[in-house]
Asker: 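Next up is a structure, given as structure tokens.
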Amino acid sequence: MAGIGLPAKFIATLEACGAEVAERHLVADHAPYGADELAALASRAATRGLMVATTEKDEARIGAAMPQALRER
């Protein structure tokens with residue numbers, strides 16, 4: 001998941017590190033993540049057995065609002 005100006009660069013970095021990107025959840029640069037949106041991401045990742053990757057910027061921006069279930073993924 002990423003809310004940055006060049007999300008394709010973030011995806012390319014993950015893939016260059018050997019990650020298989022199964023899903024992409026991309027929002028506009030600086031767009032806020034809603035609580036329901038974050039909960040849905042956590043649920044979908046858990047259901048599919050996926051790890052969630054995000055940028056340091058987005059993690060810092062979401063901060064304490066990130067559900068523990070999503071942080072664990």
Side-chain angles (χ1 to χ4, degrees):
M1 58 185 248
I4 57 175
L6 297 171
K9 186 175 177 182
F10 174 61
I11 300 299
T13 298
L14 291 173
E15 292 174 337
C17 292
E20 179 183 335
V21 179
E23 283 193 32
R24 293 163 175 81
H25 183 83
L26 306 174
V27 298
D29 196 17
H30 300 288
Y33 289 94
D36 291 343
E37 177 181 23
L38 294 170
L41 284 168
S43 177
R44 200 163 66 239
T47 297
R48 295 196 54 206
L50 302 175
M51 178 185 297
V52 175
T54 193
T55 65
E56 287 180 300
K57 173 188 158 190
D58 282 333
E59 183 181 14
R61 200 162 48 91
I62 296 166
M66 186 177 293
Q68 186 63 29
L70 186 57
R71 190 172 301 282
E72 291 170 359
R73 290 255 148 223

Asker: Which value, rounded to the nearest 0.5 Å, describes the distance between Tyr33 atom OH and Leu70 atom CG?
Answerer: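 So the gap between those two atoms works out to 9.5 Å.
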Asker: Ala39 and Pro67: which non-hydrogen atoms are nearest, and at how many Å?
Answerer: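 In this case the closest contact between Ala39 and Pro67 is N-CG, 4.2 Å.
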Asker: What I'd like to find out is whether the side chain of Met1 reaches to under 4.5 Å of the side chain of Leu26, using heavy atoms alone.
Answerer: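 Of all side-chain heavy-atom pairs linking Leu26 with Met1, none is under 4.5 Å.
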Asker: Which pair of heavy atoms, one from Leu50 and one from Arg73, lies closest together, and at what distance?
Answerer: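 Leu50 and Arg73 have their closest heavy atoms at O-NH1, 3.0 Å.
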Asker: Rounded to the nearest 0.5 Å, what separation is found between the CZ atom of Arg44 and the CD atom of Glu23?
Answerer: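 Nearest 0.5 Å value for the CZ-CD distance: 4.5 Å.
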Asker: How long is the gap from NZ on Lys9 to OG1 on Thr55, to the nearest 0.5 Å?
Answerer: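 Here the rounded value is 12.5 Å.
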Asker: Would Arg24 and Glu15 pass as an ion pair if we require N to O under 4.0 Å?
Answerer: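 Glu15 and Arg24: salt-bridged.
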Asker: Is any side-chain heavy atom of Asp29 closer than 4.5 Å to a side-chain heavy atom of Lys57?
Answerer: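 The answer is yes; the side chains approach within 4.5 Å.
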Asker: Starting from Val52, can I reach Ile11 by hopping between I/L/V/M/F/W/Y residues whose side chains sit under 4.5 Å apart?
Answerer: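 As far as the 4.5 Å side-chain criterion goes, Val52 and Ile11 are not connected within one cluster.
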Asker: Nearest 0.5 Å, what's the CD1-CD distance between Ile4 and Glu56?
Answerer: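 So the CD1 of Ile4 and the CD of Glu56 are separated by 11.5 Å.
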Asker: Taking the side chain as every heavy atom from C-beta outward, state whether Val27 and Glu37 have any atom pair closer than 4.5 Å.
Answerer: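 Yes - at least one pair of side-chain heavy atoms lies under 4.5 Å apart.
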